[in-house]
Amino acid sequence: MLKQRRRPVRTGNPPDLKQAIVAALQASEEFQTIAGMQIFPTMLPQTARAPAVAYHVFESDHTMEQGGAAGMREVQVEYEILTYLVSDMEAMCELLRNRFQGLIQLVSGVLIKWVSFDGQADQYFEPLAGSDLGTHYKSLRFTYKLRETLPTHT
Amino acid sequence: MPVTDASVQPGEGTLLMVKISAAYVKVAQVFEVDGPEWLVEAIDRTALDTGFILTRPSKFPEPGKISLKVWYDPNDTNTQAMFVTDATTPGAVQDYQLQVNDDNTTHATVGFSAFLTSFKITGVKPKSSNLEADIELQCTTLPVVTPGT
């Protein structure tokens with residue numbers, strides 16, 4: 001008879017930056033007006049309707065000292081924005097910059113110590129046959145600096 | 001002198017320790033250490049007939065400097081007591097040890113005494129930086145290597 005493995009019981013998950021990002025954006029009325037609930041982790045799915053935003057962590061650096069972890073983490077996040085209208089694109093970019101650039105705040109349990117806006121890149125996709133609506137695509141990069149717990153090695 | 005095989009020891013996890021009340025404790029938040037060093041001066045002994053610049057080793061070896069960088073937290077009272085106080089009211093000589101991250105139960109150490117010559121706060125900039133302190137110490141004893149057991 002197969003023995004069922006018991007999952008280890010976790011007493012509490014540490015606050016997550018991705019959850020904090022989603023919470024911060026969904027709390028914005030302007031974001032809700034433009035993109036509604038269209039915020040996706042990692043990548044924009046094929047079924048995403050513009051305007052939509054995807055976010056993904058592409059690099060993470062954990063500060064160390066000679067004795068071990070130092071309790072600070074730097075996370076680079078890329079946002080991908082998809083819109084049909086230029087005005088929506090500009091509004092979303094300004095919304096993200098306004099919400100995050102230079103932020104020092106506790107957001108959904110994550111103590112953010114600094115956010116820098118590192119850059120952006122534009123692309124435009126021509127309309128498909130039978131359509132007169134092209135697609136505007138922009139990627140924005142931010143670096144989040146946040147406190148993290150020290151490992152207990154247990 | 002034959003060169004024997006030696007293990008490679010990681011720089012990671014090698015700790016700078018300071019003696020406080022007869023016991024060595026880890027200096028907090030150190031992320032880079034350069035030193036200690038042993039210096040031997042080259043003494044000139046060129047004569048008119050040597051044909052080239054000739055030197056000899058000094059009979060007096062010299063303890064050099066040690067520089068270190070720490071993630072600086074002004075809220076940490078130990079850093080304050082150890083370094084900032086020594087910079088503000090100079091004169092204290094402390095005992096230090098570099099404790100090597102080797103495989104021994106009692107780690108190998110490099111011990112020396114030193115006084116503070118510089119404490120400088122750096123890292124204040126708006127991108128990819130933490131508050132740091134650059135610290136320089138002048139050794140007052142030749143470093144002593146004690147193998148581990």
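In what follows, chains are A, B, ... by sequence order, proteins preceding strands, each numbered from 1.
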Is the shortest distance from a Lys or Arg side-chain nitrogen in D134(B) or K120(B) to a carboxylate oxygen in the other one below 4.0 Å? no

Salt-bridge criterion met for E65(A) and K26(B) (N-O under 4.0 Å): yes

Taking side chain as everything from C-beta outward and backbone as N, CA, C, O, which of these in [X] sits under 4.5 Å from a heavy atom of chain B? Side chain, backbone, both or neither.
{"X": "M64(A)", "answer": "backbone"}
{"X": "D61(A)", "answer": "neither"}
{"X": "S116(A)", "answer": "side chain"}

Using side-chain heavy atoms (C-beta onward) and a distance below 4.5 Å, is H136(A) in contact with V86(A)? yes

In the structure I gave you, are the side-chain heavy atoms of V33(B) and L98(B) within less than 4.5 Å of one another anywhere? yes

Do R49(A)'s NZ or CZ and the ring of Y84(A) fall within the cation-pi criteria of under 6.0 Å and 45°? no

Summary of ring pair (Phe, Tyr, Trp, His ring centres under 6.0 Å) pairs that have at least one residue in residues 124-149 of chain B, sequence neighbours excluded: none

Is there a donor-acceptor contact under 3.5 Å linking the side chains of Q29(B) and Y72(B)? no

Check whether E12(B) gets within reach of chain A through its side chain, its backbone, both or neither, counting any heavy atom under 4.5 Å. backbone

Below 4.5 Å from any heavy atom of chain A, which atoms of N101(B) appear? Answer side chain, backbone, both or neither. neither

Quick check, are the ring centers of Y55(A) and F40(A) under 6.0 angstrom apart? no

Would you say the ring centroid of F142(A) lies under 6.0 angstrom from that of Y79(A)? yes

Pairs of heavy atoms under 4.5 Å with chain A: top-ranked of G11(B), G13(B), A28(B): G13(B)

Any residues in residues 44-71 of chain B near chain A, with a heavy-atom distance under 4.5 Å, and which are they? W71(B)

